[in-house]
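Working notes for the structure below.
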Amino acid sequence: MNQSDHILELARSQRMLRSADVRERGWSPQLLIRLHQAGKLERIARGLYGLPDAEITEHQTLIEVCQRVPKAVLCLLSALQFHGIGTQMPHDVWIALPEATQKPALSYPTLRITRLRGTAYSDGIQTVTDHGAPIRVYSAAKTVADCFKFRNKIGLDVALEALKAAWHGRKFTMVELSHFARINRVERVMQPYLKAVTQ
């Protein structure tokens, strides 16, 4: 097998390829362009390639965002939708980034960015593999705590719906939720709602 065959094999296993994926394995990123010109790879976005006949997954856009923005973690409305919590159907992709990270230069999809620092960013990240491609998303408990932290941004009604739906759907334990409420400093805000939901 030559390098081009290896690249196509990799594209089959992980859906989308970046130049960095090819470079990491010691292959030439120029081959991505050649394979694209030969019609064997499709250019999905700048620096992102996939097989032309690849089946479209329901999480295609989320996979693209996670591939193109390596530090992005799906959060808030996008994480709720991913976990099947509540009724939110966001038009934009909601992501969290570490505080000092540069704004990603993506023309599509529209990103809603929240900046987090320390454990508020790093704790609760789950990596889910969809068709061989990684999607980084906050756990259900972290997402619900984040909804209360950013209630002014998304609305208290959304946070309450998320709490009720996730609790009744057994998406987290109270220990997990308390852990993230503490990190986000929203324990006191959440207290009365937790009592109402768990009684």
Does a side-chain heavy-atom distance below 4.5 Å link Gln88 with Gln81? no
Shortest non-hydrogen separation from Ala165 to Gly86 and the atoms involved: CB-N, 3.7 Å
Answer yes or no: is there a donor N or O on one side and an acceptor on the other, between the side chain of Lys171 and the main chain of His83, under 3.5 Å? yes
Taking side chain as C-beta onward, heavy atoms only, is Val73 less than 4.5 Å from Leu116? no
Atom pair CE (Met89) and CG (Leu80), whose distance is rounded to the nearest 0.5 Å: 12.5 Å
Test side-chain contact (heavy atoms from CB on, under 4.5 Å) applied to Asn152 - qualifying residues, sequence neighbours left out: none
With Lys149 via side-chain hydrogen bond (donor to acceptor under 3.5 Å, both in side chains) - residues at least two apart: none
Does the side chain of Val65 reach to within under 4.5 Å of the side chain of Pro104, using non-hydrogen atoms? no
Between Tyr138 and Tyr121 (side chain of the first, backbone of the second, donor and acceptor by atom type, cut-off under 3.5 Å), is there such a pair? yes
Begin with the C-alpha distance, continue with both residues' side-chain angles, and end with the deciding distance and a verdict on side-chain contact (heavy atoms from CB on, under 4.5 Å) for Asp146 and Thr114. CA-CA 10 Å; Asp146 283 349; Thr114 54; over 6 Å; no
For His91, does the NE2 atom have more than 12 heavy-atom neighbours from other residues, nucleotides or ligands under 6.0 Å away? no
Using side-chain heavy atoms (C-beta onward) and a distance below 4.5 Å, is His179 in contact with Asp123? yes
What heavy-atom pair brings Arg136 and Cys66 nearest, and what distance separates the two atoms? NH2-O, 2.8 Å
What heavy-atom pair brings Gln3 and Ser28 nearest, and what distance separates the two atoms? OE1-N, 3.1 Å
Does some side-chain heavy atom of Phe180 sit less than 4.5 Å from a side-chain heavy atom of Ser139? yes
If hydrophobic clusters are built by linking Ile, Leu, Val, Met, Phe, Trp and Tyr wherever their side-chain heavy atoms come under 4.5 Å apart, do Leu77 and Val128 end up in the same one? no
What's the verdict on side-chain contact (heavy atoms from CB on, under 4.5 Å) for Leu177 and Trp167, showing C-alpha distance, side-chain angles and the deciding distance? CA-CA 10 Å; Leu177 189 61; Trp167 176 249; over 6 Å; no
Hphob cluster co-occupancy, Leu8 + Ile33, side-chain heavy atoms under 4.5 angstrom: yes
Rounded distance [0.5 Å steps], CE in Met190 versus OG in Ser178: 8.0 Å
Are Leu62 and Leu74 side-chain neighbours, meaning at least one heavy-atom pair lies under 4.5 Å? yes
Rounded to the nearest 0.5 Å, how far apart are OG of Ser78 and CG of Asp92? 8.0 Å
For a 4.5 angstrom cut-off between non-hydrogen side-chain atoms, does Phe148 reach Leu163? yes
d(Ile135 CD1, Thr61 OG1) to nearest 0.5 Å is 10.0 Å
What class does the angle between the rings of Trp27 and His6 fall in, given that below 30° is parallel, 30 to 60° is tilted and above 60° is perpendicular? parallel
List the steps, then state whether side-chain contact (heavy atoms from CB on, under 4.5 Å) holds for Thr143 with Cys75. CA-CA 6 Å; Thr143 300; Cys75 67; over 6 Å; no
Below 4.5 Å, heavy atoms only, C-beta onward: do Leu51 and Leu41 meet side chain to side chain? yes
Looking only at side chains, do Thr87 and Glu161 share a donor and an acceptor under 3.5 Å apart? yes
A quick test of your reading: do over 12 heavy atoms of other residues, nucleotides or ligands sit less than 6.0 Å from CZ of Arg25? yes
Looking at every non-hydrogen atom in both residues, tell me the closest pair between Thr127 and Pro134 and how far apart they are. CG2-CB, 3.8 Å
At their closest point, which heavy atom of Pro109 faces which heavy atom of Val93, and how far apart are they? CG-CG2, 3.8 Å
Among the clusters formed by ILVMFWY side chains lying less than 4.5 Å apart, do Ile125 and Phe82 turn up in the same one? no
Walk me through whether Val22 and Leu32 qualify under side-chain contact (heavy atoms from CB on, under 4.5 Å). CA-CA 8 Å; Val22 174; Leu32 288 171; 3.9 Å; yes
Taking NZ in Lys153 as the centre, count heavy atoms belonging to other residues, nucleotides or ligands within less than 6.0 Å. Is the count above 12? yes
Out of curiosity, Ile183 CD1 to Ser122 OG, how far, rounded to the nearest 0.5 Å? 7.5 Å
Taking all non-hydrogen atoms of both residues into account, name the closest pair between Ala145 and Val186 and its distance. O-CG2, 4.0 Å
Working to the nearest 0.5 Å, report the span between CD1 of Ile7 and CZ of Arg12. 12.0 Å
Pair listing, side-chain hydrogen bond (donor to acceptor under 3.5 Å, both in side chains) test, anchored in residues 93-104, at least two apart: Glu99-Arg117
